[in-house]
Amino acid sequence: MPIRLHDSLTRELRELTPAHPDGIFRFYNCGPTVYAPAHIGNFRTFVVNDVLRRLLELEFGADKVKHVRNLTDVDDKTIRRAREEGRPLGDVTRQWTEKFHADCAALNCLPPHAEPRATDPQFLKEQVNMIEVLMERGNAYRAPDGSVYFKVSSFDNYGRLSRVKERELQPGSALKAAAADADEKEDGSDFALWKAWKSDDGSNKWTGPRGAAPGRPGWHIECSAMSKAILGETIDLHTGGVDLLFPHHENEIAQSECCNGVQFSRHWYHSEHLLVDGKKMSKSLGNLYTLDDLKAKGFSAMAVRYALLMGHPRKQLNFTLDSLHAAESAIGKLKALADKLILAAQKTEADFYDSTTILRRNPDPISDFSPLGLDALKDDLNFPAALGALFTDRKALDLGGKSVLAKAEFHSLAKTVFVLGLDLHRTIATNAPPAITALAEKRWAAKLAKDYAGADASRKELTAAGWAMLDGKDGYKLEPLKK
RNA sequence: GGCGCGGUAGCCAAGUGGUAAGGCCGAGGUCUGCAAAACCUCUAUGCGUCGGUUCGAUUCCGACCCGCGCCUCCA
C-alpha cells in the first residue's frame with residue numbers, strides 16, 4: 001500500500017513519490033522562529049512531520065529520505081527579544097535553538113537531515129541571489145527606503161494554494177496590514193523580500209541585493225532559498241501548519257517559481273491547529289503550554305507526544321489536561337503489551353527499538369508481517385485509527401506459546417511504534433523533590449520492617465503532598481497523584 | 001462579510017449507504033499488608049436539528065442551528 005497524503009493544492013489524497021532519479025524523497029518542513037520556547041501547538045506540527053518522515057523512511061528506506069527543517073533566526077521577534085535583553089541576536093537565537101533541540105529530543109522527534117538558519121552566510125547569499133534574480137526579471141522592485149518587495153501582480157498563479165482571490169479581505173485587517181509599510185509598497189498585497197535597516201534593528205544588518213540598502217531578508221525568502229540550496233529547485237513535499245498556507249507558502253511559491261521557472265513543490269501538506277480547552281492557544285487566554293509547563297505538572301514528554309497523536313492531523317485537536325492523563329494511561333498499556341511481546345518473542349527492549357532492524361530493506365517473512373495500524377498511517381496519517389488498531393490487536397492477542405506468532409507480533413508492534421515515534425519505556429518523569437524521596441524511603445523501610453502503621457502514616461503524608469507511591473516487588477515508583 | 005474545518009457516549013476520538021473502532025473516566029471482578037499497578041468483564045437502538053433521496057442514512061443532498069480557525073505576526 002502506497003503512502004497517500006492530502007495535498008493542499010489539489011485538495012485530494014495523492015500518493016507520495018520521489019521525483020528525482022536518485023529515488024531520494026525530498027521534503028521541507030517550515031521550522032520554528034527561535035526567540036522563546038516552542039509551545040505544544042508548534043510541536044504538534046513537528047510531531048506530525050516526524051511521523052511522516054519515519055513513515056517515509058520505512059517506505060523508501062532510511063537513506064532515501066531527505067528531511068529539511070529551517071530555523072528562523074532573524075525577524076522582528078528575535079530582534080526585539082535581543083534588544084529587550086540587551087544581548088547579541090546570535091546569543092538569543094542560540095539559546096532558544098538549544099532549547100528547541102532539547103524539547104524535540106524529549107518528544108522523540110528525529111533530527112532533520114539538515115537544519116539551515118536564515119543568517120547562515122551561505123544561505124544569506126542564496127537569499128540575496130534569489131532576490132537579485134527576481135529584481136532582474138521584474139518580479140521585484142526597490143522601494144524608496146531601500147527595501148525590496150515582491151510584485152504580486154507579476155505572478156499569474158498567485159493565490160492558487162490559498163485561493164486568495166476567492167477571499168474578500170475584511171476591511172479592518174486589510175487596512176491594518178497596509179498601514180505599517182503602506183508608503184513603501186506599490187500594492188497592498190506585495191510582500192518584503194528584503195527589509196532595509198531601521199534603528200530598531202541595532203547592529204543586525206547585512207549587505208543586501210544590488211541596489212538595495214543594507215538590512216535583513218524578509219521572512220518568506222529564507223525557505224525558498226534554503227530549500228533550493230539543499231534540496232533543489234523542485235522538491236517532493238513542503239509542509240507546515242495551516243496558518244502558513246497564507247501568506248507564507250503562497251509567497252514562497254511565487255518567489256521560487258518566478259526565480260527558477262519550474263514548479264517549487266510537487267505536494268503541499270498542512271497540519272491543523274491544536275486547540276487548548278476549545279480555543280486557539282494564546283498568551284492572552286492563558287492557555288499556552290510549553291513542554292516544560294506540562295513536565296512541571298508531572299506529565300512525561302512521551303504522554304505529550306501521545307496526546308498530540310490522539311487526533312487526525314488535518315483536524316483541529318482539542319488538547320486538555322484530561323487528554324494528557326488519558327495519554328499517560330494508554331502508553332502504560334502499550335508498554336505492558338510491548339513487554340509481554342518482548343518476553344514471548346525472546347527479545348530485548350533494545351531489539352524493540354532497533355530502528356536498523358525495523359528499517360532493514362531485505363525481505364524477512366516475519367518482520368514483514370503487515371504491521372497493524374500502518375495502513376491507517378499510510379492513508380493520510382490517520383493517527384487515531386492507527387492507535388485504535390494497536391489496542392484492538394492488544395485485546396485479540398493470544399500468543400498461546402506460539403513463538404512464531406509472538407515474533408510476528410513483536411515486529412509488527414515495534415514497527416508501528418517506531419513510526420509513531422513512541423518510546424514506551426520512557427514515560428513518567430519521577431523527578432520527585434528530595435523531601436518526597438526521603439519520605440518514600442522512610443515508608444519503604446517501615447514496610448520492609450513490617451511496621452505497617454508507620455508505612456501507612458508515610459503514605460498519608462505522601463498523598464497529602466500530591467504523590468502516589470507505587471510498590472513493586474523490589475522497589476517503588478513515585479508518581480504525581482492523578483487529579 | 002469572504003474562505004475553510006467541525007458537531008459521534010461523562011471526556012477525547014476513528015469510521016461506514018446496511019445498522020457505531022479505540023483510549024480515558026466510571027462500575028464490577030482477579031490479585032494484593034495498605035494503596036496502586038497489571039489483567040478480565042461491562043458501559044451510545046445512537047452519530048447537532050429539520051426535511052429529502054433510498055429497500056435501508058450516522059454515512060448522500062438541502063436548509064437551519066451551534067462551535068472553531070484563517071483573512072498578510074503566527075505550527
Side-chain angles (χ1 to χ4, degrees), chain A residues 8 11 29-33 38-49 75-77 80 152 162-174 176-178 180 188-192 219-220 239-248 250-251 270-275 278-282 306-307 309-312 314-320 322-336 339-340 373 376 382-395 443 447 450-453 455-456 459-460 462-463 468-472 476-477 479 481-483:
Chain A
S8 310
R11 296 191 183 182
N29 169 23
C30 283
T33 301
H39 55 67
I40 54 169
N42 297 315
F43 282 120
R44 178 184 198 196
T45 299
F46 300 132
V47 165
V48 167
N49 278 274
D75 78 324
D76 289 347
K77 286 173 294 193
R80 191 192 324 128
V152 165
S162 59
R163 280 149 231 247
V164 75
K165 284 173 185 166
E166 295 166 28
R167 300 184 185 198
E168 194 176 296
L169 293 183
Q170 190 177 30
S173 13
K176 202 166 63 185
S189 58
D190 291 349
F191 57 90
W219 172 41
H220 313 294
T239 66
V242 269
D243 50 336
L244 298 185
L245 209 140
F246 183 82
H248 187 52
E250 199 69 75
N251 293 352
H270 296 91
S271 44
E272 254 296 349
H273 277 304
L274 185 73
L275 306 180
K279 302 275 183 195
K280 184 180 172 180
M281 271 185 289
S282 73
Y306 190 102
L309 294 174
M310 292 205 314
H312 190 111
R314 286 196 300 109
K315 269 176 80 170
Q316 291 170 346
L317 172 64
N318 189 20
F319 183 94
T320 62
D322 277 347
S323 62
L324 264 185
H325 280 115
E328 203 85 72
S329 300
I331 289 175
K333 288 199 174 166
L334 287 180
K335 173 181 179 291
D339 286 341
K340 193 168 153 187
N382 194 334
F383 301 153
L387 291 171
L390 245 36
F391 280 95
T392 305
D393 182 47
R394 168 178 166 274
K395 233 181 234 177
R443 185 185 157 269
K447 183 195 162 173
K450 296 202 192 296
D451 167 19
Y452 295 127
D456 288 349
R459 179 181 288 289
K460 252 189 185 166
L462 283 166
T463 308
M469 183 164 171
L470 312 179
D471 293 6
Y476 58 87
K477 222 165 66 171
E479 278 182 15
L481 221 49
K482 289 176 188 173
K483 284 210 271 195

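A, B, ... follow the sequence lines: proteins, then strands. Residue 1 opens every chain.
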Does [N] have a Watson-Crick or wobble partner in any strand here, with both distances under 3.5 angstrom, and which is it?
N     : result
B:C68 : B:G4
B:G26 : B:C42
B:C47 : none
B:A35 : none
B:A21 : none

Just to confirm, is there a sub-4.0 Å distance from OP1 or OP2 of [N] to any side-chain nitrogen or oxygen of [X]?
X        : N     : answer
A:Ser323 : B:G23 : no
A:Arg394 : B:C40 : yes
A:Lys280 : B:C70 : yes
A:Arg459 : B:A36 : no
A:Lys340 : B:C39 : no

Stepwise salt bridge (Lys or Arg N to Asp or Glu O under 4.0 Å) test for A:Lys460 and A:Asp456: CA-CA 6 Å; A:Lys460 252 189 185 166; A:Asp456 288 349; over 6 Å; no
Would you classify [X] as touching base, sugar-phosphate or nothing, given that sugar-phosphate means primed atoms plus P, OP1 and OP2, and contacts are heavy atoms under 4.0 Å?
X        : answer
A:Asn382 : sugar-phosphate
A:Gly41  : base
A:His248 : nothing
A:Lys315 : sugar-phosphate
A:Asn251 : nothing
A:Ser189 : base
A:Gly241 : sugar-phosphate

Using the [atom1] atom on both, measure [N] against [M] and round to a whole Å.
N     : M     : atom1 : value
B:G46 : B:G15 : C1'   : 15 Å
B:C40 : B:G22 : P     : 13 Å
B:G23 : B:G17 : P     : 24 Å
B:A63 : B:G2  : P     : 14 Å
B:U59 : B:G48 : C1'   : 15 Å
B:A44 : B:A35 : C1'   : 34 Å
B:C73 : B:C11 : C1'   : 34 Å
B:A13 : B:C47 : C1'   : 13 Å

Nearest-angstrom distance from the residue atom [atom1] of [X] to [atom2] of [N]:
X        : N     : atom1 : atom2 : result
A:Phe246 : B:G69 : CZ    : C1'   : 15 Å
A:Leu245 : B:C70 : CG    : P     : 13 Å
A:Leu274 : B:C5  : CG    : C1'   : 15 Å
A:His325 : B:G10 : NE2   : P     : 21 Å
A:Phe319 : B:A13 : CZ    : P     : 12 Å
A:Ile331 : B:G22 : CD1   : C1'   : 15 Å
A:Phe391 : B:C12 : CZ    : P     : 18 Å
A:Lys450 : B:U32 : NZ    : P     : 14 Å

[Y] side chain reached by [X] side chain, heavy atoms, under 4.5 Å:
X        : Y        : value
A:Gln316 : A:Glu272 : yes
A:Asp471 : A:Arg459 : yes
A:Lys450 : A:Tyr452 : yes
A:Leu274 : A:Phe43  : no

Nearest 0.5 Å, please: how far is OG1 in A:Thr392 from CG in A:Leu387?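 A:Leu387 atom CG to A:Thr392 atom OG1 measures 10.5 Å (nearest 0.5 Å).
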Just compare B:G22, B:A21, B:A75 and give me whichever is closest to any side-chain atom of A:Pro384.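 Nearest listed nucleotide: B:A21.
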Measure distances between side-chain N and O atoms of A:Asp471 and base N and O atoms of B:C34, and say whether any donor-acceptor pair falls under 3.5 Å.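 When only heavy-atom distances are counted, A:Asp471 does reach the base of B:C34 through a donor-acceptor pair under 3.5 Å.
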Looking at B:G69, does its base get a donor-acceptor pair with the side chain of A:Arg314 below 3.5 Å?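 Between B:G69 and A:Arg314, which were checked side chain against base, a qualifying N/O pair under 3.5 Å is absent.
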Ring of A:Tyr452 versus six-membered ring of B:G33: centres under 5.5 Å and planes under 30°?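 By the stated criterion, A:Tyr452 and B:G33 stack.
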Angle class for the A:His220/A:Phe191 ring planes (parallel below 30°, perpendicular above 60°, tilted otherwise)?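 Because their plane-to-plane angle is over 60°, the rings of A:His220 and A:Phe191 count as perpendicular.
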Would the distance check show the side chain of A:Arg394 and the main-chain N or O of A:Leu334 forming a donor-acceptor pair, the cut-off being under 3.5 Å?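 Side chain of A:Arg394 to backbone of A:Leu334: no pair is present.
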